[in-house]
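Presented below is the structure to which this report refers.
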Amino acid sequence: MSIGNSKSPEEDRPSTDDAIVERPAAGPSIGTALQQARIAAGLTVDEVSSTTRVRIPIVHAIEQDDFTRCGGDVYARGHIRTLARAVHLDPEPLVESYDAAHGGRPAPTPAAPMFEAERIRPERQRPNWTAAMVAAIVAVIGFVGFTVLKGGDDETKRPVAEGSASPQPAKQPGAKPATPAKPQQTPQAPKPEPSDSAIAAAPKDVVTVVLTASTAESWISAKDHSGRLLFDGTLQPGDTKTFTDKQSIDLVLGDAGAVQLFVNGKEIKGGFESGQVERLTYTKDDQRQGAAQAG
């Protein structure tokens with residue numbers, strides 16, 4: 001019997017080099033999915049940036065799956081949602097993929113108590129006509145009262161003509177002398193309440209916008225009516241920025257829920273959510289004639 005052709009059990013086992021290992025096919029990354037959808041929609045990076053107000057370097061970085069330029073997880077989620085809607089993609093799967101790769105969405109924290117924003121000071125002082133009117137009324141009343149009192153004193157000092165005096169009743173023993181009547185004083189007119197125009201804080205010939213990062217930091221961008229950039233940066237908690245223009249102010253809020261907004265001296269309460277990106281436009285007539293316009 002020949003044993004030259006027999007094989008050991010070890011030789012019968014298939015080699016690991018020849019084995020075929022099946023791996024699950026992974027889908028495209030967040031940046032790749034956004035880039036492919038943008039190309040399929042026939043849009044350039046410049047067009048997407050102009051539509052979403054997300055800066056061109058950040059769009060390039062996100063399409064390369066580089067989220068370090070977004071400024072944090074909250075801004076990264078907001079940019080992903082904004083870019084996905086611009087290229088006609090459902091943003092929720094992309095945001096879930098981002099959360100899975102970055103430790104998940106953090107638990108919501110209670111919002112810090114809102115503090116009273118600083119009063120907007122007008123750029124120039126206007127004449128206080130109400131105070132001047134009150135001072136004039138007080139002066140007139142004082143002059144009339146002084147004239148009445150002085151006229152009464154003059155009448156008591158004039159000599160009485162003979163035969164014109166009425167007979168005085170005889171004084172009875174023990175009777176108290178009559179107390180002379182006091183001259184009647186003219187009642188003072190009530191002081192008028194100051195009108196709304198006298199206490200208005202914001203000037204009416206310009207639009208005034210005040211932004212305060214109240215609960216967290218937030219990236220903001222502000223432009224005037226001609227498109228000139230007034231500010232582009234991040235507000236730290238407690239920071240306040242004020243913008244004015246003769247016609248309108250265009251805003252982009254990276255985290256609208258973290259920003260307290262005042263327009264023409266009145267607070268805008270739009271119910272913005274944390275991490276929500278908002279694009280807004282306000283004019284000098286907003287909050288004076290009705291609700292503010294959303295851009």
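Because the structure is predicted, anything quoted here is derived from the model rather than measured.
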d(Leu94 CG, Ile62 CD1) to nearest 0.5 Å is 11.0 Å
How long is the span from the CG atom in Leu251 to the CD1 atom in Ile268, to the nearest 0.5 Å?
10.5 Å
Hphob cluster co-occupancy, Leu43 + Ile56, side-chain heavy atoms under 4.5 angstrom
yes
Yes or no on side chain to side chain contact (heavy atoms under 4.5 Å, CB included) for Ile220 and Glu278, after CA distance, side-chain angles and deciding distance?
CA-CA 10 Å; Ile220 67 171; Glu278 287 290 338; over 6 Å; no
Where do Val87 and Ala37 come nearest, in terms of heavy atoms and distance?
CG2-CB, 3.7 Å
Cationic N near anionic O, under 4.0 Å, Asp99 to Arg77:
yes
One pair to check against side chain to side chain contact (heavy atoms under 4.5 Å, CB included): Asp245 and Val206. What are the steps and the verdict?
CA-CA 6 Å; Asp245 188 71; Val206 297; over 6 Å; no
Would you say Met133 and Thr130 make side-chain contact, with heavy atoms under 4.5 Å?
no
Could you check Leu261, Ile249, Asp250, Asp286 and say which one makes a side-chain contact (heavy atoms from CB on, under 4.5 Å) with Leu280?
Leu261
Would you give the length of the straight line joining atom CD1 of Ile80 to atom CD of Glu96, rounded to the nearest 0.5 angstrom?
11.5 Å
Are a donor atom and an acceptor atom from the side chains of Ser221 and Asp232 found within less than 3.5 Å of each other?
no
Just grab all the side chain to side chain donor-acceptor pair (under 3.5 Å) pairs involving residues 36-58, residues at least two apart or on different chains.
Arg38-Glu63
Any donor and acceptor pair, going by atom type alone, linking the side chain of Thr147 with main-chain N or O of Phe143 inside 3.5 Å?
yes
Closest approach of Ala258 to Ala216 (non-hydrogen atoms, all atoms of both residues)
CB-O, 3.7 Å
Please report the closest heavy-atom contact between Ser218 and Gly254, naming both atoms and the distance.
OG-N, 4.0 Å
Do the non-hydrogen side-chain atoms of Val207 and Thr244 ever get within less than 4.5 Å of each other?
no
I'd like to know if the side chain of Asn264 reaches the main chain of Thr283, judged simply by a donor and an acceptor atom lying under 3.5 Å from each other, with no hydrogens or angles considered.
yes
Mind checking the CD-CZ spacing from Gln64 to Arg69? Nearest 0.5 Å is all I need.
12.0 Å
Pairwise side-chain contact, His79 with Ile58, heavy-atom cut-off 4.5 Å (strictly under):
yes
If a pair satisfies salt bridge (Lys or Arg N to Asp or Glu O under 4.0 Å) and one of its residues is in residues 207-225, list it, with sequence neighbours excluded.
Asp224-Arg228
Apply the test ring-ring contact (aromatic ring centres under 6.0 Å, His included) to residues Tyr75 and Phe67: give CA-CA distance (whole Å), side-chain angles for both, the deciding distance (0.1 Å), then the verdict.
CA-CA 9 Å; Tyr75 303 103; Phe67 301 98; over 10 Å; no
Among Val277, Leu253, Val252, which one satisfies side-chain contact (heavy atoms from CB on, under 4.5 Å) with Trp219?
Val252
Kindly give the heavy-atom pair with the smallest separation between Ala33 and Pro28, and that separation in Å.
N-CB, 4.3 Å
If we only count heavy atoms from C-beta on, is the Leu211 to Leu235 side-chain gap below 4.5 Å?
yes
Just checking, any donor-acceptor pair under 3.5 angstrom between side chains of Thr212 and Thr240?
yes
Which class fits the ring pair Phe243 and Phe231: parallel under 30°, tilted 30 to 60°, perpendicular over 60°?
tilted
Taking side chain to side chain donor-acceptor pair (under 3.5 Å) as the test, write out the residues that go with Gln35, two or more places apart.
none
Could you measure the distance from the OG1 atom of Thr281 to the CZ atom of Arg279? Nearest 0.5 Å is fine.
10.5 Å
Correct closest heavy-atom pair for Ser29 and Thr32 would be OG-OG1, 2.9 Å
Would you indicate whether the side-chain heavy atoms of Gln276 and Asp255 approach each other to under 4.5 Å?
no
Atom pair CG (Asp90) and CZ (Arg85), whose distance is rounded to the nearest 0.5 Å:
9.0 Å
Phe262 vs Thr208, side chain to side chain contact (heavy atoms under 4.5 Å, CB included): CA-CA, chis, key distance, verdict
CA-CA 8 Å; Phe262 283 78; Thr208 303; over 6 Å; no
